[in-house]
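Data first, discussion second: the structure below is written as C-alpha cells.
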Protein chains: 2
Amino acid sequence: MRFLVAVGTSETALIDGISAAGANPDVMSHTPSADVEILAYGRPVFAPFVPVSPSGCPTPSLVTRAVVELLGLDIEVVDAGLVEPTAAPTISVEASQGRDLREPTAVPGVASIVDRAHTLARAIEDEELLIAESIPGGTTTALGTLTALGESVSVSSSLPDNPVALKESVVSEGLTASGIEAGDFAGQPVEAIEAMGDPMLATVYGLLAGAEETGKTVTLAGGTQLLAAGALARHGGVEAPLTLATTSFVDGDESTDLAAATETLDIDLSVTDPGFDREDHVAFERYRLGEAKEGVGMGGALKLAAESDVPMTAVRDRVVELYDDLVEADGPG
Amino acid sequence: MRFLVAVGTSETALIDGISAAGANPDVMSHTPSADVEILAYGRPVFAPFVPVSPSGCPTPSLVTRAVVELLGLDIEVVDAGLVEPTAAPTISVEASQGRDLREPTAVPGVASIVDRAHTLARAIEDEELLIAESIPGGTTTALGTLTALGESVSVSSSLPDNPVALKESVVSEGLTASGIEAGDFAGQPVEAIEAMGDPMLATVYGLLAGAEETGKTVTLAGGTQLLAAGALARHGGVEAPLTLATTSFVDGDESTDLAAATETLDIDLSVTDPGFDREDHVAFERYRLGEAKEGVGMGGALKLAAESDVPMTAVRDRVVELYDDLVEADGPG
C-alpha cells in the first residue's frame, strides 16, 4: 500500500472569504508545505508555523500524523504546485501554483502534469494506493471543475459556515472568463481542470488514469475535493472501482449530499468517525463545531486506523499530545 | 538509520574531458535524476535513459539498488541542484545547478543551502545517517574545494585514466578567477565551496554540521568527493567521529592515497570489495578495469550488505538481473 498526498496552492484561495488558509497570503502559501512536514517529521521544519485556523482549529495533518505514527505508515508527497519550501520528500510532477479560477486559464500546462502523474502511478509497484490532498481554496476549484463537467454536486468547506453563495458566484465568474457554460467540458477532464480547476486535481486525475492502466486499487482519502478528482476520472473513462474514504464531519455536512454524489459517480463511500465528541480537549473543539472536517488524508488515515487493531482512543490521545507539543508550545498568538 | 543521497549538477562537468557523464550536456543533466529513480523504482521513470558510460560501464546506482532491494532499505534523496525532473521523492534545500568552477563564484547562495541542510539534519529523528552523492564532474569540484581549504589530497575519478593534469589546470584557473591561492580558505568552508565547490558539497557540509549538533553518527558513503565534504566539516569545526565507507575500487586507485587522506582528516576508513573480479558478466567488466569505481552510495550500500546476512554473491546476482533488465533491454546504442 502506498499513501500519496498531492499538495499545492492556487490563487483562488486568496479570494476574500473562500478559505481559512487564504485569509492571509503567507498562511495560504505555507500551509500545504507545513502540512506535509508534519506528516514526515511530526512538526514544521522549514515552514514557520503549524497551520491553525483563525478560530484555533488545528490542521487535519495532526490527525493523519497520529495515525502514521501509530500504524507505522510511510507517506509519499507529490508536489502539485507548492510555492514555499518543504523539508518533506516530494515527487515533482512539474506543476506550478494554480491561478485564480476567474482567469481564463486556471491551470496552465494541465496535459503535462497529467502525463507525469500518469507515468508516476504506473511506476509505483504497490497494488493499492491511497490518494490524499492539501490545497487551500480547493473546494472552490472542485466546485468549478464539477460544474465544467456538468456534475451538479455541491461541495463541503473547511469553514463552519460554508460560503456557498460566494463559491457559486466565483465559479460563475470563472465560467464566463473561460467562455464556457456548465457542462461544456463533460467528458473532457483536461479542459475542465484547465478552465476551472487546480494543480492538485490535475495531479490526482493523472494518478487515477495511470493507476487504472496498471490495475491498482485506489482509495481517495478525502472529501469533496477528491470526489471532484473521482468525477474527472469517470469523465476521462476510468472505470475501475474507486472508494472515497472520508470523515464523519464531511459526511454530516448538510451543504453536500455525499451519498448521492458518490452513487451518481459510481464511487464507494467509506465514512470513519474519529469520536472527537467523546473528548473535550481544545484540539477537537472546532472539529465538533464543523470546522476543518477533512484534509491531508485524514479520512483515509482514520479508515486505516479503524481497520487496524489500534483503538480510536489511541489516535485521539496521540492527537492531543501532538497538539500540546506543537500548538500549545507555540504560545498565544 | 537513514540513507540520504544528495544529488545535483554543475557546469564544471561540461568541461571537455572532466567527466564521462559530462561528455554530453544531456547526459550530464539527466544522470543524477536517473540515478535516484533507479534507487527508488528500480528503473528510470521520467529520465530518458539508464546512465551507462560511453565505454559501457553502468551507473553504480544499479549496485546500490541491488542492496536496497535485498536489505529492504529506504533511501531519501536531497535535491542539491538537479536540473531535470525525477520521479524519486526529493527533499529540496533550494539549491540550483553549480556554475563552472573557473568562474569567480562556483556556487551561489552557499550559506542558505548549508542552513537548510543543517535544519534538515536536525529534524531527522534517526540517530545514524549514511550520506551519499551523485553529481557529475564532482571529483574536480572536490579537488577545487580541498585546494581552497589547503588540504593537499588528490582525488579519484570515474574514468579509468584519471585526467589529473586537466583537473589541476581547471582548479588553478578557478583559484585565479576567485582571486585566491591554495589554502586561503582554510577554516572557511562556506567560502571554499562558494569559490571552488558544488551544491552537493554545500548540502553535505550542512547535513554534517546539523548531524553533529544532534549527536548523530554519520557514515560518508562514497569516495574522494565525500572525503572533501568531510574536510569541509573538519574545517567548519565538526569534531564528531566520521567514517568514509567506500569501495575497493577507490581504495585501489593509485591516483589517490585514501588511507593517508582519511588519517590526516581524522576520518575512519571502511573499504568493501564487492568481488566483481569473481564474475565475468559485462556489468562488472568496466569496474574491473577501473571505471566508475564508486558513487550513488555504492560503498556505503556494500558495507551494509557485508554487515548483513545477505551474501555478496546475491548482490552481484541482483546487479546482473538489473543490468539485463535495464541496459540490455535498451538494445544497442
Side-chain angles (χ1 to χ4, degrees), chain A residues 2-7 33-34 36-48 65 68-69 72-80 82-96 109 112-113 115-126 203 206-207 210 214 325-326, chain B residues 2-7 33-34 36-48 65 68-69 72-80 82-96 109 112-113 115-126 203 206-207 210 214 325-326:
Chain A
R2 188 83 65 117
F3 198 142
L4 297 170
V5 187
V7 290
S33 298
V36 292
E37 289 183 339
I38 289 168
L39 294 188
Y41 300 94
R43 63 179 180 84
V45 178
F46 297 156
R65 170 68 190 187
V68 161
E69 290 180 8
L73 301 177
D74 279 326
I75 291 204
E76 249 168 41
V77 180
V78 184
D79 180 346
L82 293 176
V83 287
E84 291 293 341
T86 184
T90 62
I91 301 171
S92 173
V93 290
E94 309 286 302
S96 49
S112 148
I113 299 170
D115 189 50
R116 283 203 183 276
H118 182 278
T119 303
L120 174 63
R122 290 178 55 90
I124 291 172
E125 285 165 280
D126 306 69
T203 303
L207 291 172
T214 42
D325 279 359
L326 296 179
Chain B
R2 190 82 65 117
F3 198 141
L4 298 169
V5 187
V7 290
S33 298
V36 293
E37 289 183 338
I38 289 168
L39 294 188
Y41 300 93
R43 64 179 180 83
V45 178
F46 298 157
R65 169 69 189 187
V68 161
E69 291 180 6
L73 301 177
D74 280 325
I75 291 203
E76 251 170 38
V77 180
V78 183
D79 180 346
L82 292 177
V83 287
E84 292 293 341
T86 184
T90 61
I91 301 170
S92 173
V93 290
E94 308 286 301
S96 49
S112 149
I113 300 170
D115 189 50
R116 284 205 183 273
H118 182 276
T119 303
L120 173 64
R122 289 178 56 91
I124 292 173
E125 286 168 278
D126 308 70
T203 303
L207 291 172
T214 42
D325 279 359
L326 296 178

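Reminder, nothing fancy here: chain letters follow the sequence lines and each chain counts from 1.
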Chi angles and distances behind the side-chain contact (heavy atoms from CB on, under 4.5 Å) call for Y41(A), L120(B): CA-CA 10 Å; Y41(A) 300 94; L120(B) 173 64; 3.2 Å; yes

Under 4.5 Å from any heavy atom of chain B - which part of D79(A): neither

Residue, of E37(A), R116(A), E94(A), that accumulates the most heavy atom pairs under 4.5 Å with chain B: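 Answer, by heavy-atom pair count under 4.5 Å with chain B: R116(A).
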
Heavy-atom pairs under 4.5 Å with chain B, option from A40(A), P89(A), S92(A), A88(A) with the top count: P89(A)

side-chain contact (heavy atoms from CB on, under 4.5 Å) between T90(A) and I91(B), worked out: CA-CA 6 Å; T90(A) 62; I91(B) 301 170; over 6 Å; no

Sequence-distant partners of E69(B), salt bridge (Lys or Arg N to Asp or Glu O under 4.0 Å), two or more places apart: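 Salt bridge (Lys or Arg N to Asp or Glu O under 4.0 Å) list for E69(B), sorted by chain: R65(B), R318(B).
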
